[in-house]
Amino acid sequence: MTLLHLRDHRGDGRPLVLLHGAGRSLVDWDTAATALAAVGHRVLAIDLPGHGRSPDLSPWDVPGVVRLIAETLEAYEVPEAVAVGTSLGGLVAVEYARAYPDRTRAAVNLDGFWWGRPGEYPGAERVGKSLRSSAGAVVPPEYIGQQVAQCALYGIPAGPAEVAARAAVRPLPDGSWQMLPERSAALEMYAELDRLGALGVTRWLDGVRCPLLLVQAGKPDPLPTPEWFDDLQVRFARGLSAELTELARVRPTVTFTSVDATHAMVQEVPEAVAELVSGFVHGLSG
């Protein structure tokens with residue numbers, strides 16, 4: 001049995017399993033996890049395969065990822081949990097709920113939505129190419145400082161930003177850093193995101209019967225970006241909001257809301273995220 005790296009934040013009450021985004025680690029959840037454990041939740045955060053301190057998975061595919069999550073939770077004697085994820089982790093949380101309905105009381109997806117069906121949002125394919133071009137790269141020693149400087153634009157304090165940046169990469173003997181997951185796994189990961197995204201959000205969520213909280217970032221990223229990407233972000237945000245609003249209207253198990261934060265909401269406004277997740281979980285019946 002292969003177990004993923006897990007951090008047990010303790011706490012009492014209904015278990016929550018927290019999942020991070022692509023190229024990140026469970027450290028991103030530290031502040032929010034502490035807040036959740038303080039208000040009546042058993043909190044466990046997991047490094048996804050090939051990320052942080054977890055072992056690799058080959059091939060890196062979603063069915064394999066959710067199986068490893070299930071095996072890890074079983075080893076920790078957690079028979080049922082609410083799956084909570086941000087970005088990539090949000091998609092995985094939904095897929096975990098689909099694969100293991102008897103083990104998943106509910107799922108929370110924090111801005112984990114890929115770029116729509118092929119051709120739905122022109123320009124999205126350029127994002128995919130850009131992500132693939134840097135997937136699993138070896139980056140120079142100054143990378144950590146650059147990450148901390150970028151985080152400052154989001155209002156993320158330097159201390160937590162540096163800890164999280166270091167946890168998401170592996171140091172190399174020459175002082176450079178290996179981004180995770182490594183290139184072959186990262187390319188497989190993006191292929192999985194393309195596969196799920198090609199369904200479109202509404203169709204993708206078909207068949208997931210547990211309560212779902214779907215959360216959209218309310219602010220664009222503050223990093224300087226080309227005009228075409230700014231336009232893509234605006235069109236995608238409007239389209240996604242309209243689609244999720246309609247989905248919540250016709251499916252009583254779906255709750256949709258937005259947060260006044262960027263895609264990096266878990267680090268940017270961890271207390272607000274914890275309050276939102278806790279309120280949703282405490283409102284579940286049974």
Side-chain angles (χ1 to χ4, degrees), residues 19-24 48-51 57-66 85-99 107-137 179 181-209 212 214-221 223 225-251 254 256 258 262-265:
L19 307 171
H20 59 80
R24 303 297 303 176
L48 294 173
H51 293 75
L57 174 65
S58 182
W60 201 106
D61 61 10
V62 168
V65 171
V66 298
T86 180
S87 192
L88 168 66
L91 280 91
V92 172
V94 171
E95 290 302 304
Y96 181 83
R98 186 195 311 279
V108 178
N109 180 348
L110 302 169
D111 212 40
F113 308 101
W114 204 226
W115 291 98
R117 296 178 294 274
E120 185 176 8
Y121 296 101
E125 68 283 350
R126 296 176 67 179
V127 178
K129 290 179 180 178
S130 176
L131 290 170
R132 284 169 170 79
S133 69
S134 60
M179 295 180 66
E182 294 191 30
R183 185 163 180 79
S184 61
L187 294 176
E188 292 170 342
M189 179 182 71
Y190 286 127
E192 284 289 89
L193 291 173
D194 284 345
R195 177 178 67 83
L196 295 176
L199 298 171
V201 173
T202 300
R203 184 182 166 201
W204 169 53
L205 293 173
D206 282 349
V208 182
R209 297 306 172 200
L212 295 174
L214 308 176
V215 182
Q216 183 180 20
K219 290 182 178 179
D221 285 347
L223 299 176
T225 51
E227 185 176 349
W228 68 265
F229 184 71
D230 294 338
D231 177 65
L232 172 61
Q233 286 194 94
V234 170
R235 288 185 286 109
F236 177 70
R238 289 174 179 170
L240 179 63
S241 178
E243 188 169 1
L244 294 179
T245 297
E246 175 61 14
L247 185 63
R249 186 186 70 82
V250 300
R251 280 183 57 178
V254 172
F256 168 56
S258 64
T262 72
H263 187 68
M265 62 181 71

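Values reported hereafter were calculated over all heavy atoms of this structure, with side chains retained and with hydrogens, waters and symmetry mates removed.
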So, does T245 use its side chain to make a donor-acceptor pair with the main chain of S241 at under 3.5 Å?
yes
Would you compute the distance between atom CG of D221 and atom OG1 of T262 and round it to the nearest 0.5 angstrom?
5.0 Å
So CH2 of W114 and CD of E192: to nearest 0.5 Å the spacing works out to 12.0 Å
Using modelled atom types only, decide if a donor and an acceptor are shared between the side chain of S130 and the backbone of V127 within a distance under 3.5 Å.
no
With a 4.5 Å cut-off on side-chain heavy atoms, are V215 and M265 touching?
yes
Can you measure from CG (L131) to CG (L187) and round to the nearest 0.5 angstrom?
10.5 Å
Side chain proximity check, V62 to R195, heavy atoms < 4.5 angstrom
yes
Evaluate W115 against L232 for side-chain contact (heavy atoms from CB on, under 4.5 Å), listing each step before the verdict.
CA-CA 10 Å; W115 291 98; L232 172 61; 3.8 Å; yes
Would D61 and E188 count as a side-chain contact (heavy atoms from CB on, under 4.5 Å) here? Give the steps.
CA-CA 7 Å; D61 61 10; E188 292 170 342; over 6 Å; no
Is there a donor-acceptor pair under 3.5 Å between the side chain of H263 and the backbone N or O of A217?
no
OH of Y121 to CG of D231, rounded to nearest 0.5 Å, is 12.0 Å
Set of side-chain contact (heavy atoms from CB on, under 4.5 Å) partners for P220, sequence neighbours left out
Q233
For a side-chain contact (heavy atoms from CB on, under 4.5 Å) check, start with the C-alpha distance between R251 and D206, then their side-chain angles and the critical distance, and finish with the verdict.
CA-CA 10 Å; R251 280 183 57 178; D206 282 349; 4.2 Å; yes
Could I get the full list of ring-ring contact (aromatic ring centres under 6.0 Å, His included) partners for F256, not counting sequence neighbours?
none
Given V108, L205, L240, the one that forms side chain to side chain contact (heavy atoms under 4.5 Å, CB included) with L214:
L205
N/O donor-acceptor pair under 3.5 Å between R209 side chain and A97 backbone
no
Considering all heavy atoms, the nearest G85-A93 contact
N-CB, 3.9 Å
N/O donor-acceptor pair under 3.5 Å between R235 side chain and P122 backbone
yes
Using 0.5 Å steps for rounding, measure from the NE2 atom of H51 to the CE atom of M179.
9.5 Å
Going from CG on L199 to CG on D194, what distance comes out if it is rounded to the nearest 0.5 angstrom?
11.5 Å
Just by distance, with hydrogens left out, do E95 and W204 show a side-chain donor and acceptor under 3.5 Å apart?
yes
Any sub-3.5 Å donor-acceptor pair from E243's side-chain atoms to T202's backbone N or O?
yes
Working for side-chain contact (heavy atoms from CB on, under 4.5 Å), residues L212 and N109
CA-CA 8 Å; L212 295 174; N109 180 348; over 6 Å; no
